[in-house]
2 protein chains.
Amino acid sequence: MPPRLSPQAPLACRPHDHTRCVSHALDEAEQRCVTRGVRLTELRKRVLELVWQSHQPLGAYDILEQLSQQDGRRPGPPTVYRALDFLLEHDLVHRLASLNAFIGCSHPEHDQACQFLICRQCRTAVELEQSAINQAISEAAQGIGFAVEQPMVEVVGLCSRCREDA
Amino acid sequence: MPPRLSPQAPLACRPHDHTRCVSHALDEAEQRCVTRGVRLTELRKRVLELVWQSHQPLGAYDILEQLSQQDGRRPGPPTVYRALDFLLEHDLVHRLASLNAFIGCSHPEHDQACQFLICRQCRTAVELEQSAINQAISEAAQGIGFAVEQPMVEVVGLCSRCREDA
DNA sequence: GCGGAAGTTGTAATAGAATAACATCCCTTT
DNA sequence: AAAGGGATGTTATTCTATTACAACTTCCGC
C-alpha cells in the first residue's frame, strides 16, 4: 500500500485548484520576461497556458490542435515549436525527451534540475528538485573527468494515486 | 584542467582495442540468449554489432543505411526496429531518448541502470552504474509515494578528452 | 511621422523517427 | 509432409521536428 502523502508533496500529486497553478505560472512568466527584457507575446503566453493546462506533458502537435480548435488561429508546426523554444530557453517549460512532450516548469526561479517522475498510467509528471540526485551525478561525472552541463532525469513508474487505484 | 583518469574509468573514456569490446559484447549476448531461450539471429547479431561499432550512439536509420551498404540487404525500418526492440528487451542495447539513438549495453548482467554521460562534442556515451544515483532517485520517489520502474539518467556535457582538446 | 533594424509570426515543403498492417519465409515439432 | 509459431520483408502511414523564405510588428533613432 502506498504511503500517505505528506503535505509537502508536490501539488501535481494531489487534487488541487489547478487554475491557481496556471495563473501563478503565467504571472511568474510575465515577470521573468520583464526581468530578462524579452517579450512574452500573446502566442507564447497562450502556448504556456496550454502546456500548463494539466500536469500531463503535452505534445507539440497537441498544442497545435488546441490552438486551432480553441483559438481561431491555425499556425504551422514551426510557429508552435518556436514558441516552445522560447519558453524552453527561458526555463518556463521543460521538454521530456522520453515522451516527446512538454510540461510547465514548476520552479523556473531555481536552477532547472530537469528531474521528473512520470506516471505511466495517468501520465502525470512531477518535477523534482533533488540536489542529492544532482550531487550523485556530479560526483560520478567528476570521477571520470566529465563536465556536466545538462543533467536530465526521467523516471517512469506509478504515481501514488494510480497505485491506490490498482 | 580535467583530472587525470583513473584506470577504473570506463573503457569508452580512453583509447582501447575496440574489437575486443565488440567481440566480448557479442559473446555475452549469445550466452544471454541461450540462457533465456531466445534466438540471436543473424540480423539481430548484425544490428548488435553495428551498435557496438563505436561508443557513439547510433540512430535506427544509420543502422539501416549501414546494413544496406555493408551487407547486401535492404531492409525497411520495421525490420531494424524489431531487431532493436528485441535487443532492448533483453538488455543488450539501450535507447538514449535525448538522441533518438541506440548504444550497446555495457553490463547487461547487472540491473540496467540506464545512466549515461553523453559528450556533446565527440558524441561518446559512457554508461554508469551508480547505485548512489538510483538511491537518491528512489528516496525522492518514496517521499511522494511514487513507485519507480524505469529510472533514466542522461547527462549532456563534455568528456575529459574533449575538455583537453578545447 | 518616417524608415530601418530586429524580432516575431505565417506558410510551404521536407526531413527524421517510429509504427501499423499485411505478406512471406523459415524453423521446429510432430 | 503438414502445421504452427516466430522472424523478416514490404508498403504505407503517422508522429515529431526543421529548413527556407515571406510577411508582419515593434521598437528606436532621426
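What you see is a predicted model; the values in this text were computed from it and never measured.
Counting to the nearest Å, the C1' atom of D:dA7 and the NZ atom of B:Lys45 are 16 Å from each other. Rounded to an integer number of Å, the gap from CG of B:Asp62 to P of C:dA17 is 7 Å. Rounded to whole angstrom, the span from the CG atom of A:Leu84 across to the C1' atom of C:dT8 amounts to 15 Å. In this structure, CD of B:Glu42 is placed 11 Å from P of C:dC27, rounded to the nearest angstrom. Counting to the nearest Å, the P atom of C:dA18 and the CG atom of B:Leu58 are 12 Å from each other. Computed from coordinates, the B:Arg36 CZ to D:dG6 P distance equals 17 Å when rounded to whole Å. The distance from atom CG of A:Leu99 to atom P of D:dC15 is 16 Å, rounded to the nearest whole Å. Atom pair B:Glu65:CD and C:dA15:C1' shows a separation of 14 Å (rounding to whole Å applied).
Taking the six-membered ring for Trp and the full ring otherwise, A:His94 and A:Phe102 have centroids separated by 6.0 Å or more. Within the 6.0 Å centre-distance limit, the rings of B:His55 and B:His16 are counted as a close aromatic pair.
In the set C:dT9, D:dT18, C:dT19, C:dT9 carries the atom at the smallest distance from any side-chain atom of A:Arg82. When distances are taken from the side chain of A:Phe102 to each of D:dA17, D:dG9, C:dC27, the shortest belongs to D:dA17. When distances run from any side-chain atom of A:Pro78 to the nucleotides C:dA18, D:dT19, D:dG9, the shortest one goes to D:dT19.
Among A:Leu50, A:Leu43, A:Leu67, the single residue meeting the side-chain contact (heavy atoms from CB on, under 4.5 Å) criterion with A:Val80 is A:Leu67.
Within the nucleic acid shown, A:Thr79 comes within 4.0 Å of at least one base atom, counting heavy atoms only.
The base of D:dA17 sits with one of its N or O atoms less than 3.5 Å from a complementary donor or acceptor on the side chain of A:Tyr61.
Open room surrounds CD on B:Gln31; 12 or fewer heavy atoms of other groups in view lie less than 6.0 Å from it.
Mapping B:Arg74 and A:Pro77 onto DNA chain D via the closest heavy atom, the residue that lands nearer the 5' end is B:Arg74.
Within the 4.0 Å cut-off from OP1 or OP2 of C:dA18, at least one side-chain nitrogen or oxygen of B:Tyr81 is found. The phosphate of C:dG10 (OP1 or OP2) has a side-chain N or O of A:Arg73 nearer than 4.0 angstrom. When the side-chain nitrogen and oxygen atoms of A:Arg39 are compared with OP1 and OP2 of D:dT26, none of them lie within a distance under 4.0 Å. For the OP1/OP2 pair of D:dC15 and a distance below 4.0 Å, the side-chain nitrogens and oxygens of A:Asn100 include no atom meeting the criterion.
Remark: the backbone N or O of A:His90 is paired with a side-chain donor or acceptor of A:Arg32 at under 3.5 angstrom.
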